[in-house]
Amino acid sequence: MASEEYRIGVYVCECGPNIADAVDIDRVIEEISPLPGVAVVKRHKLFCSGEGKEFLKQDIIDENITHVVVAACSPKDHEATFAGVCKEAGINPYLYQIVNIREGCAWIIKDKEAATKKAISYIRAGVSRVGYHVPLEQLELDSVPDVLVIGGGIAGIEAALSLASPIRKVYLIEKTETLGGTAAKLAGLLPYQGEGPGAIKSKIDAVGENENIEVYLESEVEKALGFFGNFEISIRPHEGDPVELNVGAIVVATGFSNYDPAEDKKWGYGKVDNVFTALDIEEQISSGEIKKSKTAPKKVALIHCVGRDEVGYCSGICCNYLFKIANNLKETFKDANITHFYRDLCVPNKNDEAFFNNLKEKGIEFVRADVSGVSKGKSGIEVAYTDESGEKGSLDVDMVILAPAVKPGEDTERIAEMLDITIDETGFFEEEHLLLGPVNTAVDGVYIVGCAQGPRNIPDTISQSNAAAGAILSRLIPGQKLLPEVKVSEVLESLCTGCQTCVNVCSYGAASYDENKGVSVINEAICRGCGNCVGSCPSGAIRSKHFTETQLHQEVIEALLS
Amino acid sequence: MNKDILVIGGGIAGIQASLLIAESGRKVYLAEKTSMIGGNAIKFEEVFPNMECSTCMLAPKQQELLQNANIELLTLATLKRLDGSPGDFTATIQVKAGYVSPVDCIGCGACYEPCPVSVKNPFEENLNERKAIFVPCAGALPNVPVIDTDNCVRFTKGEDCTACQEACMFEAIDFNQEDKELQLKVGAVVVATGFDEFDVKDLPEYGYGELDCVYTAMEFERLFASNGPTLGELTLRNGETPKKAAIVHCVGRDKVGYCSGICCMYSAKFARFLKHKIDGAEVFALYSDLCVPGKLNERFYRETLGEGVSYIHCGNVKVEKNSKGAKVTYDSAGKSESIDVDMVILAPAVIANPDNVALAEILGIECDSRGFFATETGSLAPVTTSREGIYVAGCAESPKDIAASITQAGAAVNKIISTAERASVPQAVED
């Protein structure tokens, strides 16, 4: 309840005719003025105008107001505006409450009497609530500008290069003995993507030459604790003692694995000679081995969508890389007959289709069909298929190239657990928001890029690495304090039974369990104030600052009773 | 080196780039040629693949942008000149007068009703009318109307009409406002000018303009939008509710020479809209290749199939008038077939914003043969244009979905800040 020392100022905005015509403001003043704690009730034609804000500020000062209620428009319009005025007038902005009597009353209720009644009850609720507000302060935290990048494929390399600078160090951790990942094994890129393996190699070289990037090969991240701006990392290097690092953000760029076509014997992989995966062939082309083979392939089948049904999605890159391989084979073996077996062409980039049309001109065949089996035939390999009109057919070839679906990387689960980030239904790391936060995760400061987030091509991978770097650079500024959420949750230790329900419901990793005390602890630097823990706590031991049970109770009771 | 940044285009890519740059403490000038921000994404009722409400998703971002002290939004603004060099550009921006003071206007809308002029509303794909003083749709942000001088009788006929001014209680309307030119000093530019739809009138075989029941994708988006011309009621131009609809994919794909990569997904969304909104609606999706790349898109397609939408792989689609509305003929599996429908929705190719070519000239950057801004692909730099200090994001670069546009916006911001970080501190010399 409002203490006697409280001097609550209630300011009713006319919003020109918007509120004044629909709500009887004189009556509002009459009914609100006698409420306990209310020192003044004043009206103004437009509080959000320059003059209105000045009036509000001066009145707060002149009348020695301790708590402010502004009855005006939607908080979306001007909650922040009046919080700013409170600050300027020397009042903690959390000792203020906006009440929406425009969208909530004036604009939706035609009957002036009814609109006035509703406005009065809303304002009474606001006055009642504000009496239970307490001043809250903004925390300021130091931060480390350095960044950890997990995975030394093209995604991780690009992230490291995009982040490293004389004022920002990057630690690049790679579990194998070389940088470059899958991209470095490719025979080249599509002609419109870049100048082939050279583009990848020059990026690898750039990492080596960058003194602000520290590379750990044959190493793994073992532990990551903390929050955006302050993570403590433990790395297990190839040899020697674990390395401890402090970083402000983490980029996960752990790449992908491939569907194993040996899982289904219909593909003939591992059983029938000269059945390869696309990556096998890429490596044969890169090494020059394919040219050395004694018998040049005369008839080649390229099979799309291998494992697509098993994984449940289209990987989006296979059509294009098979085109690239077909093109390469056609240039190397001019007389070879090359046939694609595809279901649907997925060529979503602006230059893809021209490349595809060019292949058709070169005499490469495209058959829209479901392949039912790859087996040893009378002369070589038999590819059996059903075309779109339902006709069965078969083709004898001497080489088969399979395009297996892109799957999550092998380490995905371990890393997800270590970083407390989630995995989605397809097994890839889950983004904070599929459209608006595609490289963010629910854990602030942890980003996912490249095929770790989902199947994608190299240019899109590079975009994502750049995007994660952009998100980090825009917020993790050397020497600048971090300002975490103010309206966070807090645990009332005496009521906490240590059941850890809150630890399980928190999406942000802010709730943890203190084993010594046997109670939950909320890390205020991580908490975003969503209130999930408050709602789920069976013993009422968690309180959301600025949304305490008392504050809400007083507000609702007053709104209902008045 | 100037730290301030110019962003051209207030769609989702431009908004995201502005917010990130502003967060880094830099001042952002966001130049948007229309009177509102949100671009095309704000026109959609829901977005694939999670059928999220687009307005609910984007409004917080728009709000954040309007309230960010580091961002100066310039509406009705176009770039006229760019002088200087990377790090030290001078941008000349023309800001057209809107005749309404954004400081005084509270967005109550009292000025619309008395306006004597009604004209087609291009924001609503000309499916309804608006006044000569207007916001393009309910919920437009900033919620400040502007006067359309091409139609306001004060400006077209010199009449002394003051209807809107009299209705305004805040003295926000000022007929004496003038166009102005601003000279902005900026270090870098982000170009996020979005896309346009292929003009389906160029392909008469689809019957657009001839048959009332033929709609473009964008028309359908607005027809379905709860703040659109029909307030979300799916009503055809003849007043009827559609019962049997054909969605034609790949309209103009052959003409433009590429697959736009998003149409299969939004077409599936349309199919669901129809199925959910109209009891017993029959929906046919006429497609040539199903393009649903990415980890969650095929699930969306399968769910749409599961709702009873008929997917027909076909080519050579033609739309003719008949008594029911339209007869749609097509070739499928070697046979010629047809269906009678009462609504046809065309999914046209995503094409470059026609303003790009002139803008590229002003900026001194290159466009590709299709009018999208060209990027430096040789070094695998998807947002780097042919000129240092100028970056491109979103559909200005090529057709893409919202996630990819947001990603490129972040990538452009990365280029700007990392260039500055590398330059701001002398490289440490190791012994």
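Within every chain, numbering begins at 1; the chains are lettered A, B, ... in the order of the sequence lines, protein sequences first and strands thereafter.
Of the atoms belonging to A/C15, heavy atoms from both backbone and side chain fall under 4.5 Å from chain B. Looking at A/A468, there are no atoms closer than 4.5 Å to chain B (heavy atoms on both sides), in backbone or side chain. For A/E425, the part sitting under 4.5 Å from any heavy atom of chain B is the side chain, from C-beta outward, and nothing else. For A/N351, the parts lying under 4.5 angstrom from a heavy atom of chain B are both the backbone and the side chain.
Ranked by heavy-atom pairs under 4.5 Å with chain B, the first of A/A354, A/S315, A/P438 is A/P438. Note: A/G312 leads A/G312, A/G50, A/G316 in heavy-atom pairs under 4.5 Å with chain B. Between chain B and the options A/P459, A/C48, A/S49, the largest number of non-hydrogen pairs under 4.5 Å is found for A/P459. Contacts with chain B were tallied for A/D424, A/D460, A/V311, A/I458; A/D424 has the most, counting heavy-atom pairs under 4.5 Å. Put simply, of A/H433, A/R368, A/E388, A/R343, the one with the most heavy-atom pairs under 4.5 Å next to chain B is A/R368. Residue with the most contacts toward chain A among B/R253, B/E397, B/Q67: B/R253 (heavy-atom pairs, distance under 4.5 Å). Comparing A/D352, A/D344, A/I472 by how many heavy-atom pairs each has under 4.5 Å with chain B, the most go to A/D344.
For A/F366 and A/F356, the ring centers are positioned less than 6.0 Å apart. You'll find the ring centres of B/Y301 and B/Y311 inside the 6.0 Å limit. Between A/H78 and A/F47, the ring center distance fails the sub-6.0 Å criterion.
Ionic pairing of A/E14 and A/K45 is not present here: no N-O contact between side-chain nitrogen and carboxylate oxygen is shorter than 4.0 angstrom.
Using modelled atom types and a 3.5 Å distance limit, the side chains of B/Q63 and A/K76 yield no donor-acceptor pair. When only modelled atom types and interatomic distance are considered, B/T384 and B/E376 share no side-chain donor-acceptor pair under 3.5 Å.
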